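Step one of this worksheet: look at the structure below.
Lettering of chains follows the sequences in order, A, B, ..., and the numbering in each one begins at 1. Remember, predicted model here, so these are calculated numbers, not experimental data.
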Amino acid sequence: METLMTPYEIDRFFEELSALDPNPQGELYSTNPFTLLVAVVLSAQATDKGVNKATKSLFAVANTPQKMLALGVDGLKSYINTIGLYNTKAKNIMGLCIKLVDDFGGQIPDNRDALEALPGVGRKTANVVLNAAFNEPVIAVDTHIFRVSNRTGLAFGKTPLEVEKKLMKRIPQKWLIKAHHWLVLHGRYICKARKPLCLTCPVRGECHYPNKETA
DNA sequence: CTCCCGATAT
DNA sequence: ATATCAGGAG
């Protein structure tokens, strides 16, 4: 049976991450809120490295909804066909651009309901935009944060939404905005899905993951 | 729950 | 060879 991190351990946990990386940045390439939104939609079940490779040339040509629409769905596909699930992503991005132009004057809406009403945008993507583009203290629970939370004992849950609600209650306000990036980066490079680097992990002292001696 | 679906790490 | 990657829609 796994145990939850104590409030004291949670504070230590983020103190450690803060000391190592005081100003954590996302690794998805973007130039404005619109390209951020598109990059996050493309990043579903894909590595950000692979997404960045495609978006570097795409965003040079199309950094607004209007310019994206001008490419046409097949033109867009020619840029992103190295990314998994690219057919549905291309369709969603075109629909998303139409809605941005028709309903929001080409701007990115700043509330979750409007964001989630865009094709291809669910709660996780909406939360990333709210956090990164509008500086709101929300946690977007992706595959990394879901795994890190359940492993370390930061928060347990069977679904991302369940984990998100618990994280919002358990993480002190002062860490909340940066916690999102810290947890994603920690999951990507240390608390990896396959071979977590427990022996050299900076937050080993606070972590409740069993079997970390053998990993 | 299934489908979408290429690149990369192991 | 297969698990995994800043998930979302039907």
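- Taking the six-membered ring where tryptophan is involved, the planes of A:His186 and A:Phe13 are perpendicular, since the angle between them exceeds 60° and thus also 30°.
- Between A:Glu27 and A:Lys49 there is no salt bridge, since no side-chain N of the basic residue sits under 4.0 Å from a carboxylate O of the acidic one.
- When each of A:Pro119 and A:Asp142 is assigned the nucleotide of DNA chain C bearing its nearest heavy atom, the one mapping closer to the 5' terminus is A:Asp142.
- Between the CZ atom of A:Arg194 and the C1' atom of B:dA7 there is a distance of 13 Å, rounded to whole Å.
- Nucleic acid contact class of A:Lys192 (heavy atoms, under 4.0 Å, all strands): sugar-phosphate only.
- A salt bridge between A:Arg12 and A:Glu16 is present, with a side-chain N of the basic residue lying under 4.0 Å from a carboxylate O of the acidic one.
- Residue A:Lys53 is in sugar-phosphate contact alone, with no base atom involved, counting any heavy-atom pair closer than 4.0 Å across all strands shown.
- If you measure from atom OH of A:Tyr189 to atom P of B:dT10, you get 12 Å, rounded to the nearest angstrom.
- When only modelled atom types and interatomic distance are considered, A:Asn63 and A:Lys67 share a side-chain donor-acceptor pair under 3.5 Å.
- We find that CG of A:Leu96 is positioned 10 Å from P of C:dA9, with the value rounded to whole Å.
- Summarising the local packing, NZ of A:Lys77 is surrounded by more than 12 heavy atoms from other residues, nucleotides or ligands at distances under 6.0 Å.
- Listed by residue number, the members of residues 161-175 of chain A with any heavy atom below 4.0 angstrom from DNA chain C form an empty set.
- Few gaps surround CD on A:Gln66; more than 12 heavy atoms of other groups in view lie less than 6.0 Å from it.
- Annotation: side chain of A:Leu118 is in contact with side chain of A:Leu37 (closest heavy-atom distance under 4.5 Å).
- A:Arg147 has its CZ atom 9 Å from the C1' atom of C:dT4, to the nearest Å.
- Computed from coordinates, the A:Leu118 CG to C:dA9 C1' distance equals 14 Å when rounded to whole Å.
- Side chain of A:Thr55 to main chain of A:Leu58: no donor-acceptor pair is present (N/O by atom type, distance under 3.5 Å, no hydrogens or angles).
- Summarising the geometry, the separation between CG on A:Asn92 and P on B:dC3 is reported as 18 Å, rounded to the nearest angstrom.
- One interatomic measurement links the two molecules: NZ of A:Lys124 to P of C:dG7, which rounds to 5 Å at whole-angstrom precision.
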For nucleotides 4-6 of chain B, which of its nitrogen or oxygen atoms have a protein nitrogen or oxygen under 3.5 Å away, and what is each distance?
{"unit_1": "B:dC5", "atom_1": "OP1", "unit_2": "A:Asn87", "atom_2": "ND2", "d": "2.5"}
{"unit_1": "B:dC5", "atom_1": "O4'", "unit_2": "A:Leu85", "atom_2": "N", "d": "2.7"}
{"unit_1": "B:dG6", "atom_1": "O3'", "unit_2": "A:Thr82", "atom_2": "O", "d": "3.4"}

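- Residue A:Thr125 places at least one side-chain N or O under 4.0 Å from the OP1 or OP2 atom of C:dG8.
- Across all strands, A:Val121 comes closer than 4.0 Å only to sugar-phosphate atoms, never to a base (heavy-atom distances).
- Using a 4.0 Å cut-off between a side-chain N of Lys or Arg and a carboxylate O of Asp or Glu, A:Asp21 and A:Lys178 do not qualify as a salt bridge.
- When the P atom is used for both C:dG8 and B:dA7, the distance is 22 Å, rounded to whole Å.
- Contact annotation for A:Gly50: no contact, since no heavy-atom pair falls under 4.0 Å across all strands.
- In this structure, A:Gly187 reaches neither bases nor backbone, as no heavy-atom distance under 4.0 Å exists between it and the strands shown.
- Here A:Val40 lies out of heavy-atom contact (under 4.0 Å) with every strand.
- Spacing between atom CG of A:Leu197 and atom P of B:dA9 amounts to 15 Å, rounded to whole angstrom units.
- Of the possible polar contacts, none joining the A:Ser18 side chain to the A:Glu15 backbone as a donor-acceptor pair under 3.5 Å is found.
- Rounded to whole Å, the P atom of B:dT2 lies 15 Å from the corresponding atom of C:dA3.
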